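So you know, we letter chains A, B, ... as the sequences are listed, proteins then strands, and number each from 1. This structure is a prediction, so every number in the text was calculated from the model and none was measured. The figures here come from the full heavy-atom set of this structure, side chains too, leaving out hydrogens, waters and symmetry mates.
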There are 2 protein chains.
Amino acid sequence: MSSDRTDVIGRRRRATVKDVANEAGVSRGTVSRVLNGQPYVSDEAREAIEAAIAKVGFVPNRAARSLVMQSSQAIGLIVHEPHSLFVEDPNIGSILLGANAALSEADYQLSFMIADTTRDIERLARYLSGGLIDGVIIVSARVGDPITRAIADLGLPAAFVGHPRDIGDAAYVAIDNRGAAREITRRLMDTGRSRIGMIASALDRDSGSDRLAGFVDALGSRFDPQLVEPVPLYSYSDGQAGMRALLERAPDIDGVFASSDAVAAGAMDVLQAAGRVIPDDVGIVGFDDSSWALRCDPPLSTVHQPADELGRAAAESVLRQLRGEDPGNGGRVLDCPVVWRDSA
Amino acid sequence: MSSDRTDVIGRRRRATVKDVANEAGVSRGTVSRVLNGQPYVSDEAREAIEAAIAKVGFVPNRAARSLVMQSSQAIGLIVHEPHSLFVEDPNIGSILLGANAALSEADYQLSFMIADTTRDIERLARYLSGGLIDGVIIVSARVGDPITRAIADLGLPAAFVGHPRDIGDAAYVAIDNRGAAREITRRLMDTGRSRIGMIASALDRDSGSDRLAGFVDALGSRFDPQLVEPVPLYSYSDGQAGMRALLERAPDIDGVFASSDAVAAGAMDVLQAAGRVIPDDVGIVGFDDSSWALRCDPPLSTVHQPADELGRAAAESVLRQLRGEDPGNGGRVLDCPVVWRDSA
DNA sequence: TTGAAAGCGCTAACAA
DNA sequence: TTGTTAGCGCTTTCAA
């Protein structure tokens, strides 16, 4: 029955509303009222309570609050991506920052979780079901992704960044990969290139297959399947490999659409090593407008992805769903302008 | 008093232990026992409960569990870094992955949080105090960082990645920036360079000032302050700027230690644009062994940072503290080998 | 304007 | 081996 707040081993126990109430000489209910900024608290009471809070160093226990409120003021951002890809992806950082900014403004905590292994996915699913997260933003989900299923089962407010085909009518924010690919390919044509190829990454993802579709759209009847080289990832080394294959198959190639800036950088290095000068002999364009683009020599023409806006918009969607202002379905497509530099 | 689990608007309420108990015809205590794998449960009871759990789709509420257990099985990884830097940092992703792997194995959830603005810091401090996080890993803290203070005040189990001078005897995992800088500088000397300069980033951080210290160590009496150019960040553009300044001040420079690979890449481009051939005219080395290093032409000699190991070791430290196996003080320094390629 | 009391979903001590 | 009960720290009726 000790009234000082130390535990068995003499460590200071954390203060609770009860301690504050005792200290201020009021009831817990009143303390709770000032904590939540509710009306009907006298000035004296409020002042006494505020002083008591400062004195005992009270910080509300969120688990307790979450339990009673059935909400946690935290939303998760899930990246489902095996190891290496996550580290290399030029967009994830910006998406994260954009989402964080929006949530921060609404006083929500962003909790970022990576699903790397199968075990991660299970633990994550349990975690999400646990009520410690009010909603989720899902980045880079694939078709058939177990995370997607888990979230649907839970009925958690969610927004996808990107648009895998099997998310039903869930909310999503995406860019128009197909349209942008079409546009940039067209400008490649307009500058007089006649043998235009593509290094096409990640055809198992919506982003990858959409970019290819846009490429095909633009070329129309001039499309030659011989000039597209599929590669697994949006990586520099896949860019090198893809370009080598293309060069061998079509030495007269004079334009290439690389499905990412990293791929373009790899392709460019191979091209230059083979003695081609860019953009004179061959024009090359990328996708992402990441730091790779400016590192290239000549700097890369590419498609700008508003990655931070994607994160922000997804966060806002979840927030609206939480407020009940949004049924949480339907998508939003963000503009992504082509930026012309010197590589084509 | 309705016994079906639907709320006022007909939405399905989440099942609780009580629902499971009713369904299985046992008490909540028994359900709790099987949930936590405790002994003294009959096979019949266990089977009935497992069936009931599956039937009603029960998932434990973690807020409730956290409340009573005073722990949440989640640990936070905090990155305190303004915007742009976070996105560009080549190590953070790997640190995150390493930490996640270690925590995942121990069935802990990693929750990653960025502190970007002052407001973020406040919200974060409140969040951490809330009992939803059992411990933290802090990445890229600076001296005098308010986050550091908040954590110390809270007495949360913590481990730092890196070693700001003011963390007292808190646990940390770091690399020997000074030793590695010394070593790589020495090899630059051994290959016969006589006018060796340094582009020194982030002197306000331990990593930056330690690298400079190592550089000075190695050069000894041959150190010439005229040949070090301080720049704010570990970035490509600061590498360019730094190199330009150095070149102007000392056109006869024949060796440069860039404090990161990105800096080295910028420096290399400036050097080559000025007609210097690498490594013949000037040798250059970097730090990080990031993707920049291989993209340079010639590929960059650099210091390999075991970033994922840093994350893993920090996570393990926090886990040990949580188990009471470790007082949570003292540091661990990881090896970071020099990797020699062709730039020096 | 305030206090008392019930209860969020769970675990753990105690009895049976 | 099991059920009962008392909380964990908070919010929120309901009365006063």
Side-chain angles (χ1 to χ4, degrees), chain A residues 1 5 7-8 12-49 52-53 56-73 126-127 129-134, chain B residues 1 5 7-8 12-49 52-53 56-73 126-127 129-134:
Chain A
M1 264 306 195
R5 297 182 293 98
D7 66 10
V8 224
R12 202 164 180 75
R13 211 198 67 214
R14 285 188 40 186
T16 71
V17 273
K18 194 170 181 180
D19 298 313
V20 175
N22 286 150
E23 182 68 33
V26 299
S27 76
R28 305 182 305 166
T30 307
V31 174
S32 177
R33 261 167 242 132
V34 341
L35 250 26
N36 296 290
Q38 282 168 14
Y40 305 120
V41 181
S42 67
D43 288 349
E44 305 100 287
R46 168 162 289 121
E47 275 160 30
I49 289 168
I53 287 176
V56 303
F58 170 77
V59 185
N61 179 315
R62 294 187 77 114
R65 179 177 276 180
S66 292
L67 179 57
V68 55
M69 307 283 270
Q70 308 280 33
S71 99
S72 62
Q73 293 281 105
R126 260 180 294 141
Y127 191 80
S129 330
L132 254 35
I133 290 289
D134 296 342
Chain B
M1 264 306 201
R5 297 182 294 100
D7 67 10
V8 224
R12 205 166 179 73
R13 211 199 65 214
R14 285 187 42 184
T16 71
V17 276
K18 194 170 181 181
D19 298 314
V20 174
N22 287 150
E23 182 69 33
V26 299
S27 76
R28 304 181 307 164
T30 307
V31 173
S32 178
R33 261 166 242 133
V34 341
L35 249 28
N36 296 290
Q38 282 167 14
Y40 306 121
V41 180
S42 67
D43 288 350
E44 305 99 285
R46 167 160 289 122
E47 276 161 31
I49 289 168
I53 287 175
V56 302
F58 170 76
V59 185
N61 179 315
R62 294 186 77 114
R65 179 177 279 182
S66 293
L67 181 56
V68 54
M69 307 282 271
Q70 307 279 31
S71 101
S72 63
Q73 294 280 108
R126 261 180 293 139
Y127 191 81
S129 330
L132 255 35
I133 290 290
D134 295 342

>> Between P on dC10(D) and CZ on R33(A), what's the gap in Å once rounded to a whole number?
In response: 15 Å
>> By the 4.0 Å heavy-atom rule, please label V26(B) as base, sugar-phosphate, or nothing.
In response: sugar-phosphate
>> At less than 3.5 Å, do the side-chain atoms of R14(A) and the base atoms of dG9(D) form a donor-acceptor pair?
In response: no
> For the atom pair CD (E23(A)) and CD1 (I53(A)), what is the distance rounded to the nearest 0.5 Å?
Replying inline: 11.0 Å
>> Whole angstroms only, please: what is the CG-P distance between L132(A) and dC8(C)?
In response: 18 Å
> Between the main-chain N or O of Q38(B) and the side-chain N or O of N36(B), is there a donor-acceptor pair closer than 3.5 Å?
Replying inline: no
> Between the side chain of R33(B) and the main-chain N/O of P39(B), is any donor-acceptor distance below 3.5 Å?
Replying inline: no
> Which whole-number value in Å describes the distance from L35(B) CG to dG9(C) C1'?
Replying inline: 11 Å
>> Between Q38(A) and dT1(C), is there a contact of a side-chain N or O with OP1 or OP2 at under 4.0 Å?
In response: no
> Of the residues in residues 62-73 of chain A, which ones touch DNA chain C at a heavy-atom distance under 4.0 Å?
Replying inline: L67(A), V68(A), Q70(A)
> Looking at residues at least two apart in the chain, or sitting in another chain, which of them share a side chain to side chain donor-acceptor pair (under 3.5 Å) with S129(A)?
Replying inline: none
>> Whole angstroms only, please: what is the CG-P distance between N22(B) and dT2(D)?
In response: 17 Å
>> Does dT2(D) have OP1 or OP2 under 4.0 Å away from a side-chain N or O of T30(B)?
In response: no
> In whole angstroms, how far is the P atom of dA16(C) from the OH atom of Y40(B)?
Replying inline: 19 Å
> Quick one: R28(A) CZ to dT11(D) C1', roughly how many Å, whole number?
Replying inline: 10 Å
> Between N61(B) and dC8(C), does any side-chain N or O lie under 4.0 Å from OP1 or OP2?
Replying inline: no
>> Just the rounded figure in Å: distance from P of dT1(C) to CG of N36(A).
In response: 17 Å
> Does a nitrogen or oxygen in the side chain of T16(A) sit under 4.0 Å from OP1 or OP2 of dG9(D)?
Replying inline: no
> Can you find a heavy atom in the side chain of V31(A) that is under 4.5 Å from one in the side chain of V26(A)?
Replying inline: yes
>> Can you confirm whether D134(B) sits close enough to M69(B) that some side-chain heavy atom of one is under 4.5 Å from a side-chain heavy atom of the other?
In response: no
>> Apply side-chain contact (heavy atoms from CB on, under 4.5 Å) to residues F58(A) and D19(A) and explain how you reach the verdict.
In response: CA-CA 8 Å; F58(A) 170 77; D19(A) 298 313; over 6 Å; no
> For the pair made of CG in D19(B) and C1' in dC10(C), what is the distance, rounded to whole Å?
Replying inline: 13 Å
>> If you assign P60(A) and S42(B) each to the DNA chain D nucleotide with the nearest heavy atom, which residue ends up on the more 5' nucleotide?
In response: S42(B)
